Amino acid sequence: MRTKKHTPYLYMLPGVLMVLFFVYIPVLMNIGYSFFRLSSYSAGATFVGIDNYKRLFSDQVFPIMLKNNIAYCVISLIVQVGFGTILALILESSAIGDRFKSFFRNLYYIPALISLTAVGLMFTFIYEPNIGFINNLLRAFDLPTYGWLGDSKLAIYCVIAMSQWQFTGYITLLMVVAFQNVPQDYLEAAAIDGAGPIRRAISIMIPQAKEQLLVCTIITVIGAFKLYTEVYATTGGGPGNSSQVMGLFLYQQAFLHDDLGMAAVTGVFIFIITVTLSIIQIRVTKSGQD
């Protein structure tokens, strides 16, 4: 009897241990490291209290990074989650035949399968001012050209646009799965009552898929503040620091400047922001409550 009672916990134990050792303990260790001045070339550590936090918040690059990450987050929520949800609704509508639904699902999802580094290099050529596709297209219509990644005002938005192209299809596919689980009885009853496709989408499909929509929103927000590879592969944070983001700043502090304390503080700040925003989203949407 005791064996049966504890069997579920035995099955859960490996997963709990993995999460504990690979997630929670490293997070706690990183928080501890943020109070020390550390170097990868020295085994010693100097306790500096909150000095690392003061250095981060007083750094001239900090507001630039925060603004870029927030811009990425807001645009991604609008395009990836918003437009991705609309695409999912269209794909699940009766206006598109089953044969074409499968084709478009695969078409939209393919960019998400491509390596981030490969996408970054590809868009570097697309944005290239002399031989790049965009400027050549503009020249064909006698329109002004731009040095896209070399312009301090445009660089971060070029990176953001690249990410929307790659990940909107991923969110679309997640929402497609959610919409497929909406009970057909609800939709048929609404159609009998005279509700059109838009009314059914707003009143039935989206509310029924709100949990998946929340998951997509949280994934997008976390990804926005963990942003690293896209910037590293295209601008490297430049020109100047105009496209600098927190993920890249963390990497540079740890591996280029050997300032592990500052890197730890940046990681703690990213962790606090993502957890706080996720909790706010869960509370606002009342996730898990009927």
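Bear in mind that the values here come from a model prediction, so they are computed numbers and not experimental data. Numbers here simply count residues along the sequence, with the first being 1.
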Go through it in stages, so that I can follow the logic: the residues are Lys67 and Ile70, the test is side chain to side chain contact (heavy atoms under 4.5 Å, CB included), and I'd like the CA-CA distance, side-chain angles, deciding distance and then a yes or no. CA-CA 5 Å; Lys67 183 193 69 150; Ile70 292 175; 5.9 Å; no
How many angstroms lie between OG1 in Thr145 and CG in Leu137, if you round to the nearest 0.5 Å? 12.0 Å
Tyr228 atom OH: more than 12 heavy-atom contacts under 6.0 Å: yes
With sequence neighbours left out, what residues match Asn69 under side chain to side chain donor-acceptor pair (under 3.5 Å)? none
Side chain proximity check, Gln164 to Ser76, heavy atoms < 4.5 angstrom: yes
Where at least one partner belongs to residues 18-34, residue pairs that pass side-chain hydrogen bond (donor to acceptor under 3.5 Å, both in side chains), sequence neighbours excluded: Ser34-Tyr53
Heavy atoms of Phe35 and Asn52 approach each other most closely as C-ND2, 4.3 Å
A side-chain contact here means heavy atoms from C-beta on lying under 4.5 Å apart; do Tyr72 and Ile156 qualify? no
Out of curiosity, Phe123 CZ to Ser163 OG, how far, rounded to the nearest 0.5 Å? 9.0 Å
Result block: side-chain N/O donor-acceptor pairs under 3.5 angstrom for residues 125-132, not counting sequence neighbours:
from, atom 1, to, atom 2, distance (Å)
Tyr127, OH, Cys158, O, 2.8
Glu128, OE1, Asn130, N, 2.7
Glu128, OE1, Ile131, N, 2.6

Give a yes or no on whether Leu20 and Met29 share a hydrophobic cluster (residues Ile, Leu, Val, Met, Phe, Trp, Tyr; joining criterion: side-chain heavy atoms under 4.5 Å apart). yes
Quick one: closest heavy-atom pair of Thr124 and Ala233, and the distance? OG1-O, 3.6 Å
For Gln252 and Gln244: C-alpha separation, side-chain torsions, deciding distance, then whether side chain to side chain contact (heavy atoms under 4.5 Å, CB included) applies. CA-CA 11 Å; Gln252 291 172 340; Gln244 185 67 275; 2.9 Å; yes
To the nearest 0.5 Å, what is the distance between CG on Leu89 and CZ on Phe179? 4.0 Å
Heavy-atom closest pair (Thr274 atom, Phe225 atom, distance to 0.1 Å) is CG2-CB, 3.9 Å
Do other residues, nucleotides or ligands put more than 12 heavy atoms under 6.0 Å from Phe47 CZ? yes
More than 12 non-hydrogen atoms from neighbouring residues, nucleotides or ligands closer than 6.0 Å to CZ on Phe271, yes or no? no
Quick check for you: to the nearest 0.5 Å, what is the distance between Asn181 atom CG and Met205 atom CE? 10.5 Å
Over 60° means perpendicular and under 30° means parallel, so tell me whether Tyr232 and Tyr251 are parallel, tilted or perpendicular. perpendicular
Any side-chain heavy-atom pair of Ile280 and Arg283 under 4.5 Å: no
Is it the case that the side chains of Gln166 and Glu230 hold a donor-acceptor pair, with the cut-off being a distance below 3.5 Å and no angle test? no
Within the side chain of Asn241, is there an N or O that forms a donor-acceptor pair under 3.5 Å with the backbone of Gly237? no
Does Phe167 CZ have over 12 foreign heavy atoms under 6.0 Å away? yes
Sort and list the pairs that fulfil salt bridge (charged side-chain N to carboxylate O under 4.0 Å, His left out) and have at least one residue in residues 251-271, not counting sequence neighbours. Arg55-Asp259
Do the two ring centres, one from Phe269 and one from Phe249, sit under 6.0 Å apart? no
Side-chain contact test, heavy atoms from C-beta onward, threshold under 4.5 Å: evaluate it for Met246 versus Leu66 and give yes or no. yes
Search all heavy atoms of Gly238 against all heavy atoms of Ala155 and return the closest pair with its distance. O-CB, 3.9 Å
What I'd like to find out is whether the side chain of Ile134 reaches to under 4.5 Å of the side chain of Tyr146, using heavy atoms alone. no
May I ask you to check whether over 12 heavy atoms, not counting those of Tyr186, lie within 6.0 Å of atom OH? no
Donor-acceptor contacts under 3.5 Å from residues 212-221 side chains, at least two apart:
from, atom 1, to, atom 2, distance (Å)
Gln212, NE2, Leu174, O, 3.3
Thr217, OG1, Leu213, O, 2.8
Thr220, OG1, Cys216, O, 2.7

Atom pair SG (Cys73) and CD (Gln80), whose distance is rounded to the nearest 0.5 Å: 10.0 Å
Val245, Leu116: one ILVMFWY side-chain cluster at the under-4.5 Å cut-off? no
Arg199, CZ atom: more than 12 neighbouring heavy atoms under 6.0 Å: no
Anything under 3.5 Å between a donor and an acceptor, one on a side chain of residues 187-196, the other on a protein residue two or more places apart or in another chain? List them.
none

Are Trp148 and Asn135 packed together at the side-chain level, in the sense that at least one heavy-atom pair is separated by less than 4.5 angstrom? yes
For Lys101 and Leu91, the nearest pair of non-hydrogen atoms, with its separation, is CE-O, 3.0 Å
Treat each ILVMFWY residue as a node, draw an edge where side-chain heavy atoms are under 4.5 Å apart, and state whether Phe21 and Leu10 are in one component. no
Looking at side-chain heavy atoms only, is the closest gap between Thr168 and Tyr108 below 4.5 Å? no
From Met65 CE over to Gln60 CD, what is the distance, rounded to the nearest 0.5 angstrom? 12.0 Å
Counting only heavy atoms not in Ile198, do more than 12 sit closer than 6.0 Å to its CD1 atom? no
I'd like to know if Ile273 and Phe57 are part of one continuous hydrophobic network [Ile/Leu/Val/Met/Phe/Trp/Tyr, side-chain heavy atoms within less than 4.5 Å]. yes
Can you find a heavy atom in the side chain of Val119 that is under 4.5 Å from one in the side chain of Pro111? no
Tell me whether Ile270 shares a hydrophobic cluster with Val268, the cluster being built from Ile, Leu, Val, Met, Phe, Trp, Tyr side chains joined at under 4.5 Å. yes
Looking at every heavy atom in both Ser242 and Ile64, which two are closest together, and how far apart are they? O-CG2, 4.0 Å
